[in-house]
There are 2 protein chains.
Amino acid sequence: MTLREVARETGLSPATVSRVLRDSGPVSAKTRNLVLSTVERLGYRPNSLAQGLRTGRSTAVALVVSDIEQGWHASLTKHLQVSLEEIGIDLILMNLGHELRRLDMVVERVQAMRLRGVILAASDRIPPKQVKRVVGNLDKEVLIASIGQRLDRYGIPSFVHSDTEAAEAAVEYLLQKGCSPVAFCSRIRTSTMGKERFQGYLNAIERAGLAIDENLVWDYSDTSFFRQAAGYKMLNDALDRGVKFKSVLAGSDEIALGAMAAVLDRGLRIPDDIAIIGFGGLDWGVSVRPRLTTLTSDLAGLSESVREFFLQQKNGAGGKPQMLTVFRRELALRASA
Amino acid sequence: MTLREVARETGLSPATVSRVLRDSGPVSAKTRNLVLSTVERLGYRPNSLAQGLRTGRSTAVALVVSDIEQGWHASLTKHLQVSLEEIGIDLILMNLGHELRRLDMVVERVQAMRLRGVILAASDRIPPKQVKRVVGNLDKEVLIASIGQRLDRYGIPSFVHSDTEAAEAAVEYLLQKGCSPVAFCSRIRTSTMGKERFQGYLNAIERAGLAIDENLVWDYSDTSFFRQAAGYKMLNDALDRGVKFKSVLAGSDEIALGAMAAVLDRGLRIPDDIAIIGFGGLDWGVSVRPRLTTLTSDLAGLSESVREFFLQQKNGAGGKPQMLTVFRRELALRASA
DNA sequence: GTGAAAGCGCTAACAC
DNA sequence: GTGTTAGCGCTTTCAC
């Protein structure tokens with residue numbers, strides 16, 4: 001079933017049928033209806049491969065995540081898929097597995113498939129050199145967007161959460177509740193989000209007139225641990241070293257869960273002995289005991305913005321897109337802090 | 001940068017260059033090297049849109065999941081993506097959001113994009129009529145595979161876990177530990193996996209000479225709850241109704257987590273008052289307290305088999321593929337049961 | 001308002 | 001072992 005057959009069936013030319021289908025150029029109402037009904041009747045569906053070849057671009061977009069098994073990424077993926085489907089964009093999922101060198105392979109695939117765009121949702125910090133390589137190796141028409149990581153200074157529209165402020169709010173809350181000293185556990189060096197959150201932590205501590213204690217900052221960038229395991233390990237190590245603290249701000253809900261496990265395994269109480277706050281607002285947070293206090297995300301809002309970005313660029317009416325869009329996190333107070 | 005340019009640069013014809021690149025037909029070692037080095041030098045990458053248009057098929061495959069936010073699906077997605085990438089298959093992610101009618105849209109997209117295949121990883125039971133519609137609306141060359149749901153009687157190669165046996169083993173373990181009565185909480189009516197597991201539950205109960213008690217079977221198919229929330233709700237309801245039981249076999253780790261929360265909220269102890277076993281073996285199971293006893297999955301093995309299926313079909317050497325491949329689950333004994 | 005024709009980049013007969 | 005040729009299904013000038 002090709003466009004040619006629809007043309008033959010209607011007695012029109014392929015050009016006219018195409019015009020109707022893409023709504024480009026003038027067509028009489030009569031022809032339009034004829035074409036539309038015939039398309040319907042024959043069950044014709046355009047071949048997107050042919051469309052893509054002819055126009056130079058497919059309509060699909062690559063979604064690059066660091067780790068789809070991480071709740072935040074899975075949730076983001078769901079929301080993006082819903083939002084982008086609305087405007088006819090298919091998602092090609094590419095998982096980096098935290099190996100940044102795979103980003104170059106991703107770029108190759110994007111080029112080979114002539115994709116419409118790439119959404120970078122990598123939590124790992126991408127070094128400037130590599131960002132430039134990505135931008136340089138991609139055709140100019142390939143739309144790039146970054147989620148979670150500010151890449152706006154490279155001309156890449158970035159959609160992020162207010163991580164610094166969120167961390168500040170969390171730490172302030174902990175201090176006010178008397179949970180000082182406050183520790184911070186996250187990937188920091190190798191994660192831009194981690195860095196932003198750490199900055200918020202620093203701000204709040206300093207603003208309270210307290211000193212920064214290196215022993216309270218646990219960056220697991222250089223370990224082979226991830227997610228829950230990292231939280232568990234970092235907390236255990238700190239406890240082993242005899243570090244004194246009354247609360248922990250974790251870089252993700254998963255880290256927080258691991259941290260909770262370590263605390264409970266010592267027979268300590270949450271939040272009485274050690275309070276814990278996570279980052280992300282994943283849905284299982286209300287199902288663990290004690291319930292996890294966390295900083296929520298606005299994935300729905302973020303996905304809508306990304307959709308608007310693609311829509312606007314597609315219509316060409318775009319002009320310069322907004323380079324930075326920031327979404328709010330809220331402190332969801334539950335039982336763990 | 002097109003194949004034609006590579007041909008011009010080497011002084012060969014497009015056909016020869018194509019032959020080298022696809023390793024089809026005879027080429028002299030000399031020409032082959034020349035082409036390969038020129039391709040390298042020029043940084044030429046084949047346009048997969050053109051390839052797909054010409055050959056009639058793209059190399060990408062659609063992965064259809066019910067709910068990417070569910071741990072099992074996210075984990076499966078990761079493993080599949082790794083396995084399929086090895087043989088040059090890109091994954092287009094399609095999320096049903098538990099709305100089966102979206103399956104028809106999926107089929108349309110698959111057709112429009114001339115995808116190589118579809119992997120159905122839907123936990124929701126697909127009614128026979130709809131399976132037939134899917135098969136009927138898809139071109140004959142589109143490879144179909146089913147994961148988690150047996151669709152082999154429709155001629156669709158299916159990759160599943162030994163759910164019935166796994167449930168039997170879990171229930172037997174519970175009975176032997178004296179945790180009778182055993183309850184079962186899952187989607188049953190609307191989930192094929194749920195049905196298999198339920199069958200295992202029934203088998204074990206009957207084999208032990210016990211009577212099946214309807215009050216101990218909680219099917220939440222007709223509620224609007226999912227995952228943790230469903231487990232929490234079902235358990236709470238049962239407890240409210242005064243149903244007596246000493247253990248619960250849950251249809252997923254998420255359900256188990258919700259169930260644990262409900263039990264703990266009543267001040268009951270796990271596993272002493274109520275023991276709980278999950279399904280899936282997700283990684284966070286070792287991070288909740290008490291640690292979740294669960295039936296593990298073999299996602300790595302499953303993904304490899306799916307890869308072999310696609311590889312075999314690609315090489316045409318295939319012949320009839322194996323219609324049913326079953327993977328073992330193991331009872332991972334931890335603290336919750 | 002509609003049609004004819006050219007061609008996107010590639011592959012697969014078919015020649016030689 | 002290599003080249004020539006003819007499209008895959010669509011869009012887009014350019015005529016009329």
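Just the heavy atoms: all of them, side chains too, but no hydrogens, waters or symmetry mates, feed the values below. Every chain is numbered from 1 and lettered A, B, ... according to where its sequence line falls, protein lines coming before strand lines. If you're wondering where the values come from, they're calculated on a predicted model, not measured in any experiment.
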Query raised in the report: Taking side chain as C-beta onward, heavy atoms only, is A:Tyr44 less than 4.5 Å from A:Leu21?
Result: yes
Report summary line: Span of DNA chain C engaged by chain A, first through last nucleotide within the 4.0 Å heavy-atom cut-off, is C:dG1 to C:dG9
Query raised in the report: Are any of the side-chain nitrogens in A:Asp90 or A:Arg116 under 4.0 Å away from the carboxylate oxygens of its partner?
Result: no
Report task. Indicate yes or no for a side-chain donor-acceptor contact from B:Asn95 to the backbone of B:Ile68 under 3.5 Å, with no hydrogens or angles considered. Result -> yes
Return a table of donor-acceptor pairs under 3.5 angstrom between the side chains of residues 49-56 of chain B and protein atoms on other chains or two or more places apart.
residue: B:Thr55; atom: OG1; partner: B:Gln51; partner atom: O; Å: 2.8
residue: B:Thr55; atom: OG1; partner: B:Arg57; partner atom: O; Å: 3.2

**Report entry** Donor-acceptor side-chain pairing of A:Asp124 and A:His98 below 3.5 angstrom
**Finding:** yes
Query - Pair B:Glu85 + A:Arg109: basic N to acidic O under 4.0 Å - result: no
Report summary line: Under a 4.0 Å heavy-atom criterion, the protein footprint on nucleotides 8-16 of chain D, written with B, S and -, is BBBBB----
Report task. Determine, step by step, whether B:Leu84 and B:Ile119 satisfy the side chain to side chain contact (heavy atoms under 4.5 Å, CB included) criterion, reporting the C-alpha distance in whole Å, the side-chain angles of both residues, the deciding distance to 0.1 Å, and the verdict. Result -> CA-CA 11 Å; B:Leu84 295 182; B:Ile119 301 173; 3.8 Å; yes
